[in-house]
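The structure appears below as C-alpha coordinates.
Letters A, B, ... are given to chains in the order of the sequence lines, protein chains preceding strands, and every chain is numbered from 1. Computed from heavy atoms alone, side chains included, the values below leave out hydrogens, waters and symmetry copies.
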There are 2 protein chains.
Amino acid sequence: MDDDAAPRRVRADAERSTARILEAAEAVLAEDETAPLERIADAAGLARATVHRRFSSRTALLDALAAQLAQRYVQGLAEARVDSAPPVAAMLRMTETAFALKIAHRFAVQLSASMTPEVLDGLDRLFARLRDAGAITAPDPTWGRRVYLALLHEVNDLPADSPMLAGGSDEVAARAALLVTTVLQALGGLRPGEQEEGL
Amino acid sequence: MDDDAAPRRVRADAERSTARILEAAEAVLAEDETAPLERIADAAGLARATVHRRFSSRTALLDALAAQLAQRYVQGLAEARVDSAPPVAAMLRMTETAFALKIAHRFAVQLSASMTPEVLDGLDRLFARLRDAGAITAPDPTWGRRVYLALLHEVNDLPADSPMLAGGSDEVAARAALLVTTVLQALGGLRPGEQEEGL
DNA sequence: TCGATGTGCAACTCTGGTGTCGCAGTTACA
DNA sequence: TGTAACTGCGACACCAGAGTTGCACATCGA
(Lines give C-alpha, C1' and ligand atoms only; values in the text may rest on other atoms or scores of the structure.)
Protein backbone atom coordinates (compact mmCIF):
# COMPACT_ATOMS: atom_id res chain seq x y z
CA MET A 1 0.00 0.00 0.00
CA ASP A 2 2.77 2.43 0.94
CA ASP A 3 5.51 0.95 -1.17
CA ASP A 4 6.22 3.95 -3.34
CA ALA A 5 9.12 4.15 -5.71
CA ALA A 6 10.41 7.13 -3.71
CA PRO A 7 13.68 6.39 -1.89
CA ARG A 8 12.20 7.44 1.41
CA ARG A 9 13.51 5.36 4.20
CA VAL A 10 11.22 4.64 7.12
CA ARG A 11 12.93 5.09 10.41
CA ALA A 12 12.66 2.45 13.10
CA ASP A 13 11.10 4.76 15.67
CA ALA A 14 8.44 5.73 13.17
CA GLU A 15 7.39 2.15 12.83
CA ARG A 16 7.32 1.91 16.58
CA SER A 17 5.00 4.91 16.66
CA THR A 18 2.73 3.23 14.17
CA ALA A 19 2.57 0.17 16.36
CA ARG A 20 1.87 2.20 19.47
CA ILE A 21 -0.93 4.03 17.71
CA LEU A 22 -2.55 0.80 16.60
CA GLU A 23 -2.26 -0.58 20.08
CA ALA A 24 -3.68 2.54 21.68
CA ALA A 25 -6.45 2.76 19.11
CA GLU A 26 -7.53 -0.77 19.89
CA ALA A 27 -7.59 -0.04 23.62
CA VAL A 28 -9.37 3.29 23.38
CA LEU A 29 -11.89 2.32 20.73
CA ALA A 30 -12.78 -0.82 22.62
CA GLU A 31 -14.12 1.44 25.35
CA ASP A 32 -15.74 3.97 23.06
CA GLU A 33 -15.88 3.33 19.36
CA THR A 34 -16.49 6.98 18.57
CA ALA A 35 -13.59 8.29 20.60
CA PRO A 36 -11.81 11.19 18.87
CA LEU A 37 -8.32 10.72 17.50
CA GLU A 38 -6.98 12.97 20.20
CA ARG A 39 -7.85 10.41 22.85
CA ILE A 40 -6.00 7.76 20.89
CA ALA A 41 -3.01 10.01 20.50
CA ASP A 42 -2.95 10.67 24.23
CA ALA A 43 -3.13 6.98 25.01
CA ALA A 44 -0.25 6.39 22.66
CA GLY A 45 1.75 9.18 24.28
CA LEU A 46 1.92 11.04 20.99
CA ALA A 47 0.61 14.26 19.53
CA ARG A 48 -2.53 14.12 17.49
CA ALA A 49 -0.64 15.47 14.48
CA THR A 50 1.62 12.47 14.63
CA VAL A 51 -1.32 10.16 14.30
CA HIS A 52 -2.23 11.99 11.15
CA ARG A 53 1.30 11.64 9.89
CA ARG A 54 1.18 7.87 10.22
CA PHE A 55 -2.43 7.46 9.11
CA SER A 56 -3.74 9.93 6.62
CA SER A 57 -7.27 9.74 7.96
CA ARG A 58 -9.37 8.16 10.63
CA THR A 59 -10.68 5.55 8.24
CA ALA A 60 -7.15 4.70 7.20
CA LEU A 61 -6.43 3.90 10.82
CA LEU A 62 -9.50 1.72 11.12
CA ASP A 63 -8.56 -0.08 7.93
CA ALA A 64 -5.14 -0.78 9.37
CA LEU A 65 -6.68 -2.21 12.51
CA ALA A 66 -8.92 -4.46 10.47
CA ALA A 67 -6.08 -5.58 8.25
CA GLN A 68 -3.95 -6.41 11.24
CA LEU A 69 -6.65 -8.57 12.73
CA ALA A 70 -7.47 -10.24 9.43
CA GLN A 71 -3.88 -11.30 9.17
CA ARG A 72 -3.98 -12.89 12.60
CA TYR A 73 -7.13 -14.74 11.72
CA VAL A 74 -5.44 -16.17 8.66
CA GLN A 75 -2.44 -17.10 10.73
CA GLY A 76 -4.70 -18.77 13.29
CA LEU A 77 -6.45 -20.76 10.61
CA ALA A 78 -3.11 -21.95 9.31
CA GLU A 79 -1.83 -22.87 12.75
CA ALA A 80 -5.01 -24.78 13.50
CA ARG A 81 -4.44 -26.70 10.25
CA VAL A 82 -8.07 -26.34 9.25
CA ASP A 83 -7.36 -27.94 5.92
CA SER A 84 -5.50 -30.99 7.11
CA ALA A 85 -5.98 -31.79 10.80
CA PRO A 86 -8.98 -33.82 11.97
CA PRO A 87 -11.74 -31.24 11.64
CA VAL A 88 -13.05 -31.27 15.19
CA ALA A 89 -9.56 -30.87 16.59
CA ALA A 90 -8.89 -28.03 14.15
CA MET A 91 -12.13 -26.39 15.20
CA LEU A 92 -11.15 -26.59 18.82
CA ARG A 93 -7.73 -25.12 18.20
CA MET A 94 -9.11 -22.37 16.01
CA THR A 95 -11.65 -21.55 18.68
CA GLU A 96 -9.03 -21.01 21.33
CA THR A 97 -7.10 -18.57 19.19
CA ALA A 98 -10.33 -16.88 18.21
CA PHE A 99 -11.07 -16.20 21.86
CA ALA A 100 -7.62 -14.81 22.34
CA LEU A 101 -8.12 -12.49 19.39
CA LYS A 102 -11.54 -11.43 20.69
CA ILE A 103 -9.91 -10.28 23.88
CA ALA A 104 -6.86 -8.64 22.37
CA HIS A 105 -8.85 -7.01 19.58
CA ARG A 106 -12.13 -6.29 21.21
CA PHE A 107 -12.73 -3.38 18.89
CA ALA A 108 -11.29 -4.54 15.59
CA VAL A 109 -13.29 -7.72 15.87
CA GLN A 110 -16.42 -5.78 15.14
CA LEU A 111 -15.06 -4.24 11.96
CA SER A 112 -16.59 -6.10 9.09
CA ALA A 113 -13.45 -5.42 7.10
CA SER A 114 -11.54 -7.78 9.36
CA MET A 115 -13.56 -10.69 8.02
CA THR A 116 -11.86 -10.90 4.68
CA PRO A 117 -12.94 -13.40 2.05
CA GLU A 118 -9.84 -15.37 2.88
CA VAL A 119 -10.93 -15.79 6.48
CA LEU A 120 -14.51 -16.64 5.57
CA ASP A 121 -13.34 -19.18 3.01
CA GLY A 122 -11.10 -20.83 5.53
CA LEU A 123 -14.00 -21.26 7.92
CA ASP A 124 -16.27 -22.50 5.19
CA ARG A 125 -13.71 -25.14 4.27
CA LEU A 126 -13.58 -26.19 7.90
CA PHE A 127 -17.32 -26.68 8.07
CA ALA A 128 -17.34 -28.55 4.79
CA ARG A 129 -14.76 -30.92 6.24
CA LEU A 130 -16.79 -31.30 9.43
CA ARG A 131 -19.76 -32.29 7.33
CA ASP A 132 -17.79 -34.70 5.16
CA ALA A 133 -16.38 -36.31 8.30
CA GLY A 134 -19.87 -36.75 9.67
CA ALA A 135 -19.31 -34.48 12.64
CA ILE A 136 -22.29 -32.38 11.62
CA THR A 137 -25.25 -32.98 9.36
CA ALA A 138 -26.14 -29.48 8.24
CA PRO A 139 -25.22 -29.44 4.57
CA ASP A 140 -24.39 -25.76 4.05
CA PRO A 141 -20.92 -24.69 5.24
CA THR A 142 -21.90 -21.04 5.16
CA TRP A 143 -24.67 -21.67 7.63
CA GLY A 144 -22.25 -23.51 9.85
CA ARG A 145 -19.85 -20.63 9.76
CA ARG A 146 -22.56 -18.14 10.63
CA VAL A 147 -23.75 -20.16 13.59
CA TYR A 148 -20.20 -20.55 14.73
CA LEU A 149 -19.35 -16.86 14.61
CA ALA A 150 -22.58 -15.84 16.29
CA LEU A 151 -22.09 -18.25 19.16
CA LEU A 152 -18.42 -17.44 19.40
CA HIS A 153 -19.50 -13.95 20.25
CA GLU A 154 -22.03 -15.10 22.83
CA VAL A 155 -19.72 -17.50 24.57
CA ASN A 156 -17.11 -14.80 24.71
CA ASP A 157 -19.56 -12.43 26.38
CA LEU A 158 -20.61 -15.01 28.89
CA PRO A 159 -19.68 -13.92 32.43
CA ALA A 160 -16.93 -15.98 33.97
CA ASP A 161 -19.22 -17.21 36.75
CA SER A 162 -21.86 -18.58 34.41
CA PRO A 163 -23.02 -22.08 35.34
CA MET A 164 -22.36 -23.07 31.75
CA LEU A 165 -18.63 -22.68 32.30
CA ALA A 166 -18.38 -24.74 35.45
CA GLY A 167 -16.03 -27.67 35.58
CA GLY A 168 -12.96 -26.66 33.66
CA SER A 169 -9.99 -25.39 35.55
CA ASP A 170 -8.85 -23.44 32.52
CA GLU A 171 -11.50 -20.87 31.68
CA VAL A 172 -10.54 -20.40 28.06
CA ALA A 173 -10.67 -24.14 27.53
CA ALA A 174 -14.07 -24.28 29.17
CA ARG A 175 -15.37 -21.63 26.83
CA ALA A 176 -13.94 -23.35 23.81
CA ALA A 177 -15.47 -26.63 24.86
CA LEU A 178 -18.87 -25.05 25.41
CA LEU A 179 -18.75 -23.39 22.04
CA VAL A 180 -17.67 -26.46 20.12
CA THR A 181 -20.21 -28.66 21.82
CA THR A 182 -23.00 -26.19 21.26
CA VAL A 183 -22.16 -25.60 17.62
CA LEU A 184 -21.83 -29.28 16.81
CA GLN A 185 -25.15 -29.95 18.48
CA ALA A 186 -26.76 -27.00 16.76
CA LEU A 187 -25.65 -28.30 13.39
CA GLY A 188 -27.03 -31.69 14.15
CA GLY A 189 -23.87 -33.57 14.83
CA LEU A 190 -23.53 -34.42 18.46
CA ARG A 191 -26.13 -36.04 20.63
CA PRO A 192 -26.66 -34.41 24.00
CA GLY A 193 -24.40 -35.99 26.57
CA GLU A 194 -22.16 -37.44 23.93
CA GLN A 195 -18.54 -36.38 24.18
CA GLU A 196 -16.35 -35.69 21.23
CA GLU A 197 -12.79 -36.78 21.88
CA GLY A 198 -10.75 -34.03 23.45
CA LEU A 199 -13.60 -32.09 25.01
CA MET B 1 -42.61 10.12 30.35
CA ASP B 2 -44.37 13.15 28.92
CA ASP B 3 -47.34 13.16 31.24
CA ASP B 4 -46.80 16.51 32.85
CA ALA B 5 -49.24 18.10 35.21
CA ALA B 6 -49.53 20.99 32.78
CA PRO B 7 -52.99 21.25 31.15
CA ARG B 8 -51.43 21.26 27.71
CA ARG B 9 -53.59 19.44 25.26
CA VAL B 10 -51.83 17.53 22.54
CA ARG B 11 -53.43 18.01 19.21
CA ALA B 12 -54.25 15.02 17.05
CA ASP B 13 -52.12 16.11 14.12
CA ALA B 14 -49.17 16.54 16.43
CA GLU B 15 -49.42 12.93 17.47
CA ARG B 16 -49.62 11.99 13.84
CA SER B 17 -46.40 13.90 13.24
CA THR B 18 -44.74 12.05 16.08
CA ALA B 19 -45.78 8.76 14.55
CA ARG B 20 -44.54 9.77 11.11
CA ILE B 21 -41.22 10.80 12.57
CA LEU B 22 -40.77 7.49 14.34
CA GLU B 23 -41.69 5.66 11.18
CA ALA B 24 -39.35 7.71 9.04
CA ALA B 25 -36.56 7.43 11.59
CA GLU B 26 -36.83 3.67 11.54
CA ALA B 27 -36.69 3.59 7.76
CA VAL B 28 -33.85 6.07 7.38
CA LEU B 29 -31.70 4.80 10.23
CA ALA B 30 -32.06 1.24 9.01
CA GLU B 31 -30.15 2.31 5.92
CA ASP B 32 -27.64 4.51 7.71
CA GLU B 33 -27.55 4.60 11.45
CA THR B 34 -25.66 7.89 11.51
CA ALA B 35 -28.03 9.72 9.19
CA PRO B 36 -28.59 13.33 10.29
CA LEU B 37 -31.96 14.37 11.63
CA GLU B 38 -32.55 16.38 8.50
CA ARG B 39 -32.75 13.22 6.44
CA ILE B 40 -35.31 11.82 8.84
CA ALA B 41 -37.31 15.03 8.70
CA ASP B 42 -37.30 14.92 4.91
CA ALA B 43 -38.45 11.31 4.89
CA ALA B 44 -41.26 12.26 7.23
CA GLY B 45 -42.21 15.19 5.04
CA LEU B 46 -41.56 17.60 7.88
CA ALA B 47 -39.14 20.38 8.68
CA ARG B 48 -36.14 19.54 10.80
CA ALA B 49 -37.28 22.00 13.43
CA THR B 50 -40.47 20.05 13.84
CA VAL B 51 -38.52 16.96 14.72
CA HIS B 52 -36.86 18.95 17.44
CA ARG B 53 -40.24 20.13 18.65
CA ARG B 54 -41.47 16.56 19.06
CA PHE B 55 -38.23 15.11 20.36
CA SER B 56 -36.00 17.37 22.36
CA SER B 57 -32.83 15.69 21.18
CA ARG B 58 -31.55 12.98 18.92
CA THR B 59 -31.13 10.58 21.79
CA ALA B 60 -34.68 11.26 22.91
CA LEU B 61 -35.80 10.09 19.49
CA LEU B 62 -33.72 6.95 19.70
CA ASP B 63 -35.09 6.24 23.15
CA ALA B 64 -38.60 6.54 21.81
CA LEU B 65 -37.79 4.07 19.03
CA ALA B 66 -36.40 1.63 21.55
CA ALA B 67 -39.36 2.02 23.86
CA GLN B 68 -41.76 1.43 21.02
CA LEU B 69 -40.05 -1.79 20.07
CA ALA B 70 -39.74 -2.94 23.66
CA GLN B 71 -43.47 -2.61 24.02
CA ARG B 72 -44.06 -4.77 20.96
CA TYR B 73 -41.73 -7.39 22.31
CA VAL B 74 -43.68 -7.50 25.52
CA GLN B 75 -46.89 -7.70 23.57
CA GLY B 76 -45.47 -10.53 21.48
CA LEU B 77 -44.43 -12.44 24.56
CA ALA B 78 -47.91 -12.11 25.95
CA GLU B 79 -49.57 -13.19 22.73
CA ALA B 80 -47.28 -16.19 22.49
CA ARG B 81 -48.34 -17.10 26.04
CA VAL B 82 -44.78 -17.85 27.05
CA ASP B 83 -45.89 -18.41 30.62
CA SER B 84 -48.73 -20.80 29.98
CA ALA B 85 -48.71 -22.43 26.56
CA PRO B 86 -46.64 -25.56 25.91
CA PRO B 87 -43.14 -24.08 25.79
CA VAL B 88 -42.07 -25.28 22.37
CA ALA B 89 -45.25 -23.97 20.82
CA ALA B 90 -44.80 -20.67 22.61
CA MET B 91 -41.25 -20.50 21.37
CA LEU B 92 -42.37 -21.05 17.84
CA ARG B 93 -45.03 -18.39 18.04
CA MET B 94 -42.71 -15.91 19.68
CA THR B 95 -40.15 -16.58 16.99
CA GLU B 96 -42.52 -15.70 14.20
CA THR B 97 -43.40 -12.37 15.76
CA ALA B 98 -39.73 -11.74 16.47
CA PHE B 99 -38.96 -12.10 12.79
CA ALA B 100 -41.73 -9.73 11.93
CA LEU B 101 -40.34 -7.19 14.38
CA LYS B 102 -36.84 -7.66 13.01
CA ILE B 103 -38.08 -6.68 9.60
CA ALA B 104 -40.32 -3.82 10.67
CA HIS B 105 -37.76 -2.46 13.13
CA ARG B 106 -34.51 -3.26 11.46
CA PHE B 107 -32.81 -0.35 13.18
CA ALA B 108 -34.43 -0.28 16.61
CA VAL B 109 -33.67 -3.94 17.02
CA GLN B 110 -30.03 -3.11 17.45
CA LEU B 111 -30.62 -0.61 20.21
CA SER B 112 -29.74 -2.30 23.43
CA ALA B 113 -32.35 -0.18 25.16
CA SER B 114 -35.06 -2.11 23.36
CA MET B 115 -34.12 -5.21 25.32
CA THR B 116 -35.67 -4.14 28.58
CA PRO B 117 -35.42 -6.27 31.70
CA GLU B 118 -39.05 -7.16 31.18
CA VAL B 119 -38.31 -8.64 27.76
CA LEU B 120 -35.25 -10.49 28.96
CA ASP B 121 -37.11 -11.88 31.93
CA GLY B 122 -39.87 -13.12 29.70
CA LEU B 123 -37.41 -14.99 27.54
CA ASP B 124 -35.62 -16.38 30.55
CA ARG B 125 -38.87 -17.73 31.89
CA LEU B 126 -39.53 -19.36 28.54
CA PHE B 127 -36.19 -21.14 28.60
CA ALA B 128 -36.70 -22.21 32.17
CA ARG B 129 -39.99 -23.77 31.13
CA LEU B 130 -38.36 -25.46 28.16
CA ARG B 131 -35.83 -26.97 30.50
CA ASP B 132 -38.43 -28.08 33.03
CA ALA B 133 -40.43 -29.69 30.25
CA GLY B 134 -37.35 -31.58 29.10
CA ALA B 135 -37.21 -29.88 25.72
CA ILE B 136 -33.65 -28.79 26.42
CA THR B 137 -31.00 -29.94 28.83
CA ALA B 138 -28.90 -26.79 29.26
CA PRO B 139 -29.60 -25.71 32.84
CA ASP B 140 -29.08 -21.96 32.59
CA PRO B 141 -32.02 -20.02 31.09
CA THR B 142 -29.83 -16.99 30.47
CA TRP B 143 -27.56 -19.02 28.27
CA GLY B 144 -30.54 -20.31 26.37
CA ARG B 145 -31.80 -16.82 25.83
CA ARG B 146 -28.43 -15.65 24.56
CA VAL B 147 -28.11 -18.49 22.11
CA TYR B 148 -31.63 -17.85 20.94
CA LEU B 149 -31.14 -14.16 20.30
CA ALA B 150 -27.81 -14.67 18.56
CA LEU B 151 -29.21 -17.27 16.22
CA LEU B 152 -32.38 -15.29 15.70
CA HIS B 153 -30.18 -12.65 14.21
CA GLU B 154 -28.31 -15.08 12.01
CA VAL B 155 -31.37 -16.83 10.70
CA ASN B 156 -32.89 -13.49 9.93
CA ASP B 157 -29.83 -12.49 7.90
CA LEU B 158 -29.83 -15.73 6.00
CA PRO B 159 -30.44 -15.10 2.29
CA ALA B 160 -33.80 -16.35 1.07
CA ASP B 161 -32.19 -18.81 -1.32
CA SER B 162 -30.10 -20.51 1.33
CA PRO B 163 -30.23 -24.30 1.17
CA MET B 164 -31.06 -24.26 4.87
CA LEU B 165 -34.46 -22.75 4.10
CA ALA B 166 -35.53 -25.19 1.42
CA GLY B 167 -38.75 -27.12 1.85
CA GLY B 168 -41.21 -24.72 3.38
CA SER B 169 -43.63 -22.90 1.16
CA ASP B 170 -43.90 -20.12 3.70
CA GLU B 171 -40.52 -18.49 4.10
CA VAL B 172 -41.14 -17.03 7.53
CA ALA B 173 -42.29 -20.40 8.80
CA ALA B 174 -39.19 -22.01 7.32
CA ARG B 175 -36.97 -19.56 9.13
CA ALA B 176 -38.80 -20.04 12.40
CA ALA B 177 -38.54 -23.81 12.07
CA LEU B 178 -34.82 -23.65 11.33
CA LEU B 179 -34.24 -21.41 14.31
CA VAL B 180 -36.24 -23.46 16.76
CA THR B 181 -34.69 -26.70 15.62
CA THR B 182 -31.20 -25.28 15.76
CA VAL B 183 -31.64 -23.73 19.18
CA LEU B 184 -33.20 -26.83 20.70
CA GLN B 185 -30.37 -28.93 19.32
CA ALA B 186 -27.78 -26.45 20.47
CA LEU B 187 -29.15 -26.59 23.98
CA GLY B 188 -29.05 -30.33 23.95
CA GLY B 189 -32.69 -31.06 23.56
CA LEU B 190 -33.45 -32.43 20.16
CA ARG B 191 -31.65 -35.26 18.47
CA PRO B 192 -30.71 -34.62 14.87
CA GLY B 193 -33.45 -35.85 12.59
CA GLU B 194 -35.98 -35.85 15.38
CA GLN B 195 -39.01 -33.64 14.81
CA GLU B 196 -40.71 -31.67 17.48
CA GLU B 197 -44.44 -31.59 16.92
CA GLY B 198 -45.48 -28.69 14.78
CA LEU B 199 -42.22 -28.19 12.93
C1' DT C 1 -65.52 31.40 14.61
C1' DC C 2 -61.86 32.19 17.55
C1' DG C 3 -57.99 30.99 20.21
C1' DA C 4 -54.62 27.73 21.06
C1' DT C 5 -51.58 24.73 19.03
C1' DG C 6 -48.68 23.02 15.34
C1' DT C 7 -45.87 23.87 11.34
C1' DG C 8 -42.62 25.81 7.58
C1' DC C 9 -38.99 28.57 6.75
C1' DA C 10 -34.82 30.68 7.33
C1' DA C 11 -31.92 32.15 9.71
C1' DC C 12 -28.37 31.72 13.69
C1' DT C 13 -25.17 29.85 17.44
C1' DC C 14 -22.47 26.37 19.25
C1' DT C 15 -19.91 22.30 19.63
C1' DG C 16 -16.64 18.93 18.51
C1' DG C 17 -14.03 16.60 15.53
C1' DT C 18 -10.99 16.33 11.20
C1' DG C 19 -7.22 17.41 8.56
C1' DT C 20 -3.27 20.82 7.55
C1' DC C 21 0.62 23.68 8.34
C1' DG C 22 5.09 25.70 9.83
C1' DC C 23 8.64 25.71 12.83
C1' DA C 24 11.76 24.52 16.37
C1' DG C 25 13.81 20.78 18.64
C1' DT C 26 15.05 15.62 18.84
C1' DT C 27 16.49 11.24 17.26
C1' DA C 28 17.98 7.65 14.20
C1' DC C 29 21.48 5.99 11.28
C1' DA C 30 24.95 5.89 7.44
C1' DT D 1 29.03 13.91 12.79
C1' DG D 2 25.88 15.61 9.58
C1' DT D 3 21.66 14.95 7.36
C1' DA D 4 17.30 13.21 6.76
C1' DA D 5 13.53 11.70 9.23
C1' DC D 6 10.57 12.17 13.06
C1' DT D 7 8.17 14.59 16.73
C1' DG D 8 5.73 18.20 19.74
C1' DC D 9 3.40 22.22 19.78
C1' DG D 10 0.18 25.41 18.56
C1' DA D 11 -2.34 27.44 15.41
C1' DC D 12 -5.52 27.38 11.64
C1' DA D 13 -9.44 26.50 8.26
C1' DC D 14 -13.15 23.71 7.67
C1' DC D 15 -17.26 21.26 8.19
C1' DA D 16 -21.31 18.69 9.56
C1' DG D 17 -24.65 18.26 12.65
C1' DA D 18 -27.32 19.56 16.88
C1' DG D 19 -30.26 22.54 18.95
C1' DT D 20 -32.63 27.35 19.07
C1' DT D 21 -35.40 31.23 17.71
C1' DG D 22 -38.82 34.40 15.62
C1' DC D 23 -42.33 35.03 12.69
C1' DA D 24 -45.91 34.23 9.36
C1' DC D 25 -49.20 30.91 8.12
C1' DA D 26 -52.19 26.51 8.70
C1' DT D 27 -54.99 23.76 11.16
C1' DC D 28 -57.38 21.69 14.89
C1' DG D 29 -61.11 21.62 17.97
C1' DA D 30 -64.39 23.48 21.58
Side-chain angles (χ1 to χ4, degrees), chain A residues 1-66 107-108 111 113, chain B residues 1-66 107-108 111 113:
Chain A
M1 304 295 177
D2 287 315
D3 46 316
D4 299 341
R8 189 168 201 271
R9 23 188 265 258
V10 187
R11 244 167 58 177
D13 56 346
E15 294 209 52
R16 224 180 313 139
S17 290
T18 303
R20 296 187 65 182
I21 292 169
L22 286 172
E23 199 178 341
E26 175 52 51
V28 169
L29 295 176
E31 302 278 309
D32 174 10
E33 46 189 328
T34 69
L37 290 185
E38 178 133 42
R39 197 116 43 99
I40 295 172
D42 287 350
L46 296 170
R48 188 173 62 93
T50 301
V51 175
H52 276 111
R53 288 193 190 96
R54 305 282 110 211
F55 299 96
S56 60
S57 72
R58 182 189 182 86
T59 52
L61 172 55
L62 299 190
D63 288 350
L65 280 175
F107 169 75
L111 293 174
Chain B
M1 304 297 173
D2 286 316
D3 46 316
D4 299 342
R8 189 168 201 272
R9 20 190 270 259
V10 188
R11 242 167 58 178
D13 55 345
E15 294 209 53
R16 224 181 311 139
S17 291
T18 302
R20 296 186 66 183
I21 292 169
L22 287 172
E23 199 178 341
E26 175 53 51
V28 169
L29 295 175
E31 302 277 308
D32 174 10
E33 45 189 328
T34 69
L37 290 185
E38 176 134 43
R39 198 117 39 100
I40 296 172
D42 287 351
L46 296 170
R48 188 172 62 94
T50 300
V51 175
H52 276 112
R53 289 195 190 96
R54 304 282 110 211
F55 299 96
S56 59
S57 71
R58 181 189 183 87
T59 53
L61 173 55
L62 299 191
D63 288 349
L65 280 175
F107 170 73
L111 293 175

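Evaluation of the salt bridge (Lys or Arg N to Asp or Glu O under 4.0 Å) rule for Arg48(A) yields no partner, not counting sequence neighbours. When the side-chain hydrogen bond (donor to acceptor under 3.5 Å, both in side chains) test is applied to Ser56(B), no partner is found at least two apart in sequence or on another chain. Looking at residues two or more places apart in sequence or on another chain, you find a salt bridge (Lys or Arg N to Asp or Glu O under 4.0 Å) between Glu31(B) and Arg106(B). For Leu29(B), the side-chain contact (heavy atoms from CB on, under 4.5 Å) partners two or more places apart in sequence, or in a different chain, are Ala25(B), Ala35(B), Ile40(B), Arg58(B), Leu62(B), Leu65(B), Phe107(B). With sequence neighbours excluded, the residues that form a side-chain contact (heavy atoms from CB on, under 4.5 Å) with Asp13(A) are Arg11(A), Arg16(A). In this view, Glu15(A) and Val10(A) satisfy the side-chain contact (heavy atoms from CB on, under 4.5 Å) rule, not counting sequence neighbours. Scanning for side-chain hydrogen bond (donor to acceptor under 3.5 Å, both in side chains) contacts around Thr50(B) gives Arg53(B), with sequence neighbours left out.
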Nucleotide N/O of nucleotides 19-21 of chain D paired with protein N/O under 3.5 Å:
from    : atom 1 : to       : atom 2 : distance (Å)
dG19(D) : OP2    : Arg58(B) : N      : 2.8
dG19(D) : N7     : Arg48(B) : NH1    : 2.9
dG19(D) : O6     : Arg48(B) : NH2    : 2.7

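Annotation: proximity of residues 39-46 of chain B to DNA chain C (heavy atom, distance under 4.0 Å) is found for Gly45(B), Leu46(B), numbered in ascending order.
For the helix from dT1(C)-dA30(D) to dA30(C)-dT1(D), the terminal axes (five pairs an end, C1' atoms, rotation from four pairs onto the next four) enclose an angle of 30°, given to 10 degrees.
Residue pairs meeting the side-chain hydrogen bond (donor to acceptor under 3.5 Å, both in side chains) criterion with at least one partner in residues 34-46 of chain B, sequence neighbours excluded, are Asp32(B)-Thr34(B).
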Letter per nucleotide, 5' to 3', of nucleotides 25-30 of chain C [B base touched, S only sugar-phosphate touched, - untouched; heavy atoms, 4.0 Å]: --BSS-
